[in-house]
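Accompanying notes for the structure given below.
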Amino acid sequence: MHEVIICEKPKSSEKIARALFPDAERKKHGKVSYWEYEGDGKRVTVVSAVGHLYSLKPENPRAEHFFDLEWVPIHEIDKKKAYVRDYLNVIKKFASDADRYIHACDYDIEGTLIGFNALKYGCGDEALERARRMKFSTLTRDEIREAYENPIEIDYRQVDSGAARHILDFIFGVNISRSLMKSVKEATDRFIKLSAGRVQTPTLAILVEREKEIREFEPVPYWIIKALLEPDLVAESSRGRIFQKETVKEILEKCRGADASVKSVRIKETIRKPPVPFDLGTLQSEAYRAFGFSPKKTQTIAQNLYTEGYTSYPRTSSQKLPESIGYDKILGELSKNSEFKKHIDKLKRPLKPHEGKKEDEAHPAIHPTGVIPTKLSKDDKRIYDLIVHRFISVFGDDAILETMKTELEIEDEKFTFSRRRVSRRGWMSSYPYTKIEDDVFPDLKEGDIINVREIVAEEKKTKPPARYNEASLIRELEKRGLGTKSTRADIIAKLYDRKYIEGRKIHVSPLGENLIDTLTKYCEKITNEELTRQFERELEEIMRGGVTRDRVIEEAIEEVKSILKDIDRNMKEIGRDLYRAYQDSRVVGECPECSKNLVIKYSPKNKSTFVGCSGYPDCRVVYSLPRGASILKTPCEKCGLPMISFGKPRQRACLNPKCGKKEIKGEEIVGKCPECGSDLIKRSGRYGEFVGCKGFPKCRFTCSVDDCPDTD
DNA sequence: GCAAGGTC
């Protein structure tokens with residue numbers, strides 16, 4: 001008898017093979033590994049998929065709309081997925097002479113569908129009929145054996161539910177995207193790449209909403225009253241923000257010339273627990289904060305580290321580290337590195353991680369495996385070190401923070417100031433990405449009288465809500481249940497790619513905004529979370545058997561048809577508006593020769609983008625752009641053309657090379673200082689990168705890369 | 001060319 005066990009990914013096939021047949025032999029077919037075992041009168045082959053092997057394709061690619069879809073091997077559709085063919089071939093090779101099949105993919109909707117498609121289209125209907133299902137949630141030896149010894153039937157409702165998810169997404173996304181592109185083509189005879197989808201469109205809508213809030217925001221002036229005390233203290237009025245100028249005047253007059261008396265000095269100790277283990281989202285956030293890495297970059301690096309065997313599976317939402325991963329063994333291995341060893345030696349036994357709330361059935365939190373890499377690129381090493389330091393610090397002691405809060409009175413006006421210092425570092429000493437506060441506590445006690453040098457009122461303005469950056473947007477998507485942990489970074493990258501959004505602090509382009517306005521008019525449903533919620537309800541109902549998959553798909557087709565009809569009726573207008581917005585999105589400034597718009601253009605001949613005058617061919621002003629350059633919103637102080645940033649490390653220069661305005665090399669300018677107006681520069685310090693004022697030491701403004709004031 | 005979801 002020959003049995004074939006089909007797993008979801010190479011890593012799980014290894015675990016499953018080792019758990020069930022410790023003597024199984026690892027074999028290779030090209031780059032693809034599989035396991036063979038012979039004994040007890042049977043032959044077993046453990047093979048693996050690599051996620052989805054099949055993808056949807058329209059049955060008739062020339063049809064106007066795509067409602068009839070079929071499953072085809074993914075490598076036939078996407079050239080970049082050529083490696084999938086090898087995996088599929090191995091499955092087919094062994095499936096042909098097998099007489100028993102085990103579906104051993106992850107026990108969730110997508111996993112069930114992956115195995116089902118591999119069986120149905122890779123091995124044939126007969127194989128599917130003979131297939132049984134392993135049900136497990138974690139890949140531990142015991143659970144795998146238990147699942148193998150008690151196989152169940154394939155849950156066809158779960159299969160239907162998974163297939164329906166794919167089909168619904170395709171029918172909504174692809175058809176509406178095509179119809180938007182068609183509208184532009186009809187109206188202007190131009191092609192621009194446009195897209196809409198159940199996840200990307202609500203994501204863009206979140207950004208558009210924020211963009212409008214910021215635009216409509218009217219700043220209100222207010223004042224903060226500060227007392228400058230001898231010898232070098234600043235206390236702030238307890239009134240906080242004062243919106244009436246009269247009140248400010250009264251307070252200033254009342255306090256003028258008076259001394260300050262110390263009413264109370266309180267020193268409080270607070271405990272700072274160690275950080276929690278990394279799930280993918282937290283790792284992405286932290287790498288963005290500490291190194292400025294995009295979530296997609298972090299995810300790619302984490303995937304590499306995992307493939308190389310240095311760290312665990314990255315696509316997890318778990319913040320738990322079960323004991324079964326073997327704390328001591330991992331830490332023991334890591335101790336071979338002296339930098340890690342000095343932190344590990346300080347850990348107290350027994351080891352107990354400070355875990356977070358989030359869980360993931362299938363995988364623990366991201367952690368090092370103990371295999372220490374010998375050579376890594378600079379960026380890969382930063383992520384690896386971050387994961388290791390985080391892992392170690394999770395086992396560390398609590399840190400203790402001392403806060404000194406002093407209350408003063410000047411006449412009967414209350415003022416306060418605070419100081420903070422870390423009195424016990426604990427885990428902080430093994431996690432060099434956190435700022436360790438170290439304020440000096442002035443020697444004051446109740447009843448002291450302090451000389452007031454000056455009382456000042458600082459005028460400020462209320463600020464609009466902050467722009468999202470990639471990390472905060474990922475957190476927002478997670479909160480709203482949009483996309484999955486594996487796809488969120490890609491979704492955001494797609495919005496940049498389509499030119500719907502731009503900048504580190506995310507701005508929405510006119511094109512992005514017009515797209516949301518258009519879709520809100522014709523298909524509001526796709527612009528908010530409602531579509532995701534509807535899918536969830538329907539897929540759940542398919543699983544419960546309350547409705548058939550075909551019924552759900554039929555209804556979706558009717559709905560999409562009606563949306564397409566609406567768009568069709570207003571085709572020309574929609575297309576014209578989208579194209580106009582697209583053009584507006586490309587305007588970067590004014591032509592110095594003819595005052596027409598300077599726009600970003602693409603030269604297919606040179607395969608590069610450049611800036612040219614929209615008055616071409618009458619006006620032939622052009623500027624070339626260095627590779628990877630981005631055009632900034634800040635105009636050149638000398639000539640008014642936009643500045644560009646390029647190179648590594650990023651530097652700034654005027655778009656016009658003849659203008660010659662250039663910024664210092666090696667310093668990435670990320671904004672303008674809110675206190676003195678100089679440039680803000682990314683610097684690296686003991687605790688990673690931060691943003692500081694170029695006017696240092698005269699101006700001492702600093703902030704984290706994440707909180708850098710907006711200038712783009 | 002168009003989606004979103006697995007994965008190397």
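Every chain is numbered from 1 and lettered A, B, ... according to where its sequence line falls, protein lines coming before strand lines.
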Point to revise | Cationic tip of A:K9 above A:Y313 ring, under 6.0 Å, 45° of axis | key: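 Here A:K9 passes the 6.0 Å and 45° test against A:Y313.
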
At 4.0 Å (heavy atoms only), tell me whether [X] reaches a base, stays on the sugar-phosphate, or touches nothing.
| X | value |
| --- | --- |
| A:R198 | sugar-phosphate |
| A:G111 | nothing |
| A:A196 | sugar-phosphate |
| A:R488 | nothing |
| A:Y54 | nothing |
| A:S195 | sugar-phosphate |
| A:F172 | nothing |

Check your understanding: Are the aromatic ring centres of A:F136 and A:Y107 under 6.0 angstrom apart?
Key -> no

Check your understanding: Does A:F293 have its ring centroid less than 6.0 Å away from the ring centroid of A:Y288?
Key ->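 Between A:Y288 and A:F293, which both carry aromatic rings, the centre distance is not below 6.0 Å.
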
Would [X] and [Y] pass as an ion pair if we require N to O under 4.0 Å?
| X | Y | answer |
| --- | --- | --- |
| A:R569 | A:D566 | yes |
| A:E153 | A:R132 | yes |
| A:E14 | A:R18 | yes |

With a cut-off of less than 4.0 Å, is there a side-chain N or O of [X] near OP1 or OP2 of [N]?
| X | N | result |
| --- | --- | --- |
| A:S486 | B:dG5 | no |
| A:R498 | B:dA3 | yes |
| A:Q303 | B:dT7 | no |

Review point. Which residues within residues 74-83 of chain A lie with some heavy atom under 4.0 Å of an atom in DNA chain B?
Key: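 Contacting residues: A:I74, A:K81, A:Y83.
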
Check your understanding: Which residues within residues 532-564 of chain A lie with some heavy atom under 4.0 Å of an atom in DNA chain B?
Key -> none

Classify the ring geometry of [X] against [Y]: parallel below 30°, tilted from 30° to 60°, perpendicular beyond 60°.
| X | Y | result |
| --- | --- | --- |
| A:Y121 | A:Y54 | tilted |
| A:H52 | A:H166 | perpendicular |
| A:F21 | A:Y37 | parallel |

Study note, to complete from the structure: Among the nucleotides B:dG5, B:dC8, B:dA4, whichever has the atom closest to the side chain of A:E110 is B:dG5

